[in-house]
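Every value quoted in this text rests on a predicted model; they were computed, and no experiment measured them. Keep in mind that the numbers below use all heavy atoms, side chains included, and drop hydrogens, waters and symmetry copies. Note on naming: letters A, B, ... go to the chains in the order of the sequence lines (proteins, then strands), and numbering restarts at 1 for each one.
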Amino acid sequence: MSQAIVRLLVSRLLQAGLVAWAVGTLTFLLTRALPGDMAYRIAAGRYGYENVDRDAAQAVASELNLDSHPLSAYAHWLGDLLQGKLGHSLVSGEPVWQELGHQLGHSLDLALTAVVLALLIGPPLGMLAGLRRGKALDKASLVAATGLRSLPPFVIGLLLIMLFSVTLGWLPAAGHGTAAHLWLPALSLALGLAAVSARVSRNAMARVASAPFYAFAMTKGLSPQRTFWRHGLRNVGVPVVAYLGVQLIYLIEGVVVVESLFAWPGIGHALVHALVARDVPMVQGTALAMGLLFVALNTLVDLACLAIDPRRRPA
Amino acid sequence: MTSLHVDRLSVSANDQVLVAPFSFSLQAGQCLTLLGETGAGKSLLAQAIMGTLPAGLTAQGQITLDGEDLMALTLPRRRAIWGRRLILLPQEPWHALDPLMTAERQIQETYRHAAGHDTERAVRYARQDLVSLGLDTAGARLPGELSGGMAQRVAFAAARAAGGKMVIADEPTKGLDSARRDDVVAMLKQTLAEGGTLLTITHDVEVARQLGGRIMILRNGDCIEAGPADQVLQQPISEYGRRLVAAEPSRWAPRRQYSRPDAPPVIEATQLSKARGGRTLFSEISLSIAPGEIVGISGPSGCGKSTLGDLLLGLSRPDRGQVRRAPGVAARRFQKLYQDPPAAFAPHWTLDTLLKDLIRQHRLDATRIPPLMDRLGLANVLLDRYPSDVSGGELQRFALLRALLLDPVMLFADEPTSRLDPITQQETMALLIELARERECAVMLVSHDEALIRHSCDRCLSLGNAEPHRPVPSTASSLPA
């Protein structure tokens, strides 16, 4: 393993620690700042709204130490976090780790499928448009990309459901279990990602194709196809992959919304449910998992950048 | 055997003729140099012969390579000739190499994919090339890690690996200092010695002289004069040819001696050091410049010439050392003249607007403009034009006008004529020197052209070696020979 990779992994590891602390602290503060009586909400989550009364709320409050001083609660909570104790879900009673384990797997399935789909749709179209600047495909892809990127993922998701589930009846509208269930949520995320990737690829391709080295590769005797594979692809790949890192924010945001829309049992879906039920350990756990997922995906993007751009590797 | 015949070749865009019909013929082993000012359509000729004219431009006439009519070929058939029979050497080698591929592989791939050798041979030949170019250790480096000279050699090897004998070199020495220019000429001559045929396009009279062979002088797309190199360069017949040869800096009239030892310096620097990106650009430079004095700065590219200017003008701070400007002189009277005139003007405003903005900004007297324009040979009609619609020489004179309006006591001129053709360069330099003397404005002239510095400066400061620099006394005898 080269020095550059080690340095990258160490810095990302430190970052992961910082993210864990920052996300944890923020969720701690925000869950406390939420309106409504926390003990009532938790009790309702556990026993159902009809069965909640003052005593039940009181019992929950004393069980969870909800009345203690905020600072000591924070210190207590931080100590738990340092030991990796995320606690148990207040609703299901299962350990948070175990719940996260299931959900994270589903979310990763969704996120990675979305990224792969986006890379299969965006860059090829973008590069084609970049090689034929000003032609019909270039213009059409500009309109499509602008349109898709300006729609939030849930609108794209709804449109996809209307088209593929309601009208055509090809794919299930929600739920999970079979591979068919993955297509629509993954596509909802992928289209927005692909839109930006297509534009980045298009501009990168246009720049590379008009670069002197591209012309030189052909005048020294390489065919246009070979020039593209040997000198176009990698040079276009550098900004496209680097920009993917920026787009991860869109991906993580999208995961929350799209999972809720399609009832996909992942982290984002769990986060929304935990918030409604004031399931504080689950809120903290899911937020933490998403923060760390962001760091992990960023690390992958960085490794990919190192792999395709030799200039980043010190000799 | 290689032969190239070009018969009444012209290039036009929408019925507008850019290069007038033009003919020449070149037999195997011969060398022809097309000499002329920039923008005279020389590069279009090279592109027309290759078949790489940009969209919108068309070529008419006949181009025959080894008896085959190139104009009748389809684009894929023409591509099949590239590298294998017809070679175009790249202009700026750094840009001609893929930044993400190692030097060795860029040579290898020509052997493998253009010449069609198997991988094992391609690897061996590329190695041999590197060794014979003295680059055996540089094969694994990326272009960004090569020096300009190394990149040049790698690009030459990559271009020639497919075995073509007819070589076209389009401005192969653009922006190079004289040592690297001579390297390139040596490589071109090597091509000839190995049985190649050479068509060189250049604005540099010295390149034409060193290559020998035949010369054609072009102007505005027309051939003005043609003949053997010695004859054309020794005794040009045409008026333009004479001016072109005389415009070479080494032939400029000797400059008048100038010295004002008693005057207090306009700027003084002591023990300046500056590093960038962990690399020391220069250290312990001391200098002192008298009013009206012209000091040249020379050195290889990347040695910190422009950075020194930034320090002196107060645009950035030295790591160590001190810059002292003459007391009581406003900072704006230390001015800079840029290398690329179009880049130094806002493109979307007329020159008139730009000048008026300057007048307003510094509360200057607008009545000073007409006499200055007169003095700089700038016609009034130019004021209504945009910077892109006047010539490079005119625009550089506008830049000079803009600086002069601020009554500069020092002008840092960063390669002010390197983008201009030789005749315009000579005129611009003469004007700059004359005005500097007249107004007692000190000039620091950065150039990669040693002859130009020798003929226009009172003394020269050369950067780029490890020795600490001492100011040279301002006498003509101290100039480098």
Side-chain angles (χ1 to χ4, degrees), chain A residues 2-4 7 123 127 129-136 138 201 204-243 302-315, chain B residues 46-47 49-52 54-55 75-76 78-102 105-116 137-138 140-145 151 154-164 167-168 170:
Chain A
S2 84
Q3 219 182 350
R7 206 175 315 139
M127 284 188 275
L131 286 172
R132 298 172 191 177
R133 291 185 292 288
K135 301 278 169 60
D138 187 20
S201 323
M205 189 70 240
R207 192 174 44 75
V208 169
S210 58
F213 72 80
Y214 206 76
F216 179 57
M218 286 198 264
T219 54
K220 78 182 183 185
L222 264 53
S223 67
Q225 291 77 20
R226 199 148 257 144
T227 301
F228 171 78
W229 288 109
R230 296 186 67 88
H231 300 286
L233 205 54
R234 182 179 281 239
N235 278 288
V236 170
V238 169
V240 172
V241 172
Y243 206 79
D302 282 356
L303 288 174
C305 281
L306 268 180
I308 59 177
D309 189 348
R311 286 170 302 189
R312 290 170 183 248
R313 298 192 288 257
Chain B
Q47 290 169 2
I49 295 170
M50 281 302 280
T52 54
L75 184 59
R78 274 188 109 157
R79 281 201 178 113
I81 292 176
W82 294 351
R84 297 161 188 93
R85 286 163 61 196
L86 190 57
I87 289 173
L88 181 67
L89 293 180
Q91 276 194 345
E92 289 168 280
W94 255 325
H95 299 292
L97 296 174
D98 182 340
L100 302 183
M101 193 182 268
T102 61
R105 292 193 54 199
Q106 303 204 37
I107 303 175
Q108 240 174 53
E109 68 172 6
T110 316
Y111 280 116
R112 176 73 190 84
H113 298 296
T137 55
R141 289 199 218 163
L142 297 170
E145 299 159 351
V154 170
F156 267 46
R160 295 187 46 207
V167 178
I168 302 176
D170 181 14

Trainee: Side chain from CB out, backbone as N, CA, C, O: work out which of these in Pro143(B) comes under 4.5 Å of a heavy atom of chain A, or both, or neither.
Mentor: neither
Trainee: Taking atom NZ of Lys220(A) and atom CD1 of Ile107(B), what is their separation to the nearest 0.5 Å?
Mentor: 8.5 Å
Trainee: When only heavy atoms count and the cut-off is under 4.5 Å, which of residues 206-217 of chain A reach chain B?
Mentor: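 Within residues 206-217 of chain A, near chain B: Pro212(A), Phe213(A), Phe216(A).
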Trainee: Is the number of heavy atoms from other residues, nucleotides or ligands within 6.0 Å of CZ (Arg133(A)) greater than 12?
Mentor: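 Yes, because the 6.0 Å sphere around CZ of Arg133(A) holds more than 12 heavy atoms from other groups.
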Trainee: Could you tell me which of Ala155(B), Gly164(B), Pro99(B) has the largest number of non-hydrogen atom pairs under 4.5 Å with chain A?
Mentor: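 Of the options given, most contacts go to Pro99(B).
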Trainee: Which atoms of Leu100(B) come close to chain A, meaning under 4.5 Å heavy atom to heavy atom: side chain ones, backbone ones, both, or neither?
Mentor: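 Leu100(B) touches chain A through backbone and side-chain heavy atoms alike.
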Trainee: Please check if the side chain of Arg79(B) supplies one atom and the backbone of Ser223(A) the other of a donor-acceptor pair under 3.5 Å.
Mentor: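 A pair under 3.5 Å: no.
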Trainee: Less than 4.5 Å apart, side chain to side chain, heavy atoms only: is that true for Arg226(A) and Glu109(B)?
Mentor: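 Heavy-atom side-chain distance check fails, nothing below 4.5 Å.
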Trainee: More than 12 heavy atoms of other residues, nucleotides or ligands under 6.0 Å from CZ of Arg132(A): is that the case?
Mentor: no
Trainee: Below 4.5 Å from any heavy atom of chain A, which atoms of Thr102(B) appear? Answer side chain, backbone, both or neither.
Mentor: neither
Trainee: Tell me, out of Gly144(B), Pro90(B), Ala162(B), Ala80(B), who's got the most heavy-atom pairs with chain A below 4.5 Å.
Mentor: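 With the most close heavy-atom pairs to chain A, the winner is Pro90(B).
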Trainee: If I measure from the heavy atoms of chain A, does Ala158(B) come under 4.5 Å with its side chain, its backbone, both, or neither?
Mentor: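 Its backbone and side chain both get close to chain A.
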Trainee: For Asp98(B), give me all partners under side chain to side chain donor-acceptor pair (under 3.5 Å), at least two apart in sequence or on another chain.
Mentor: His231(A), Asn235(A)
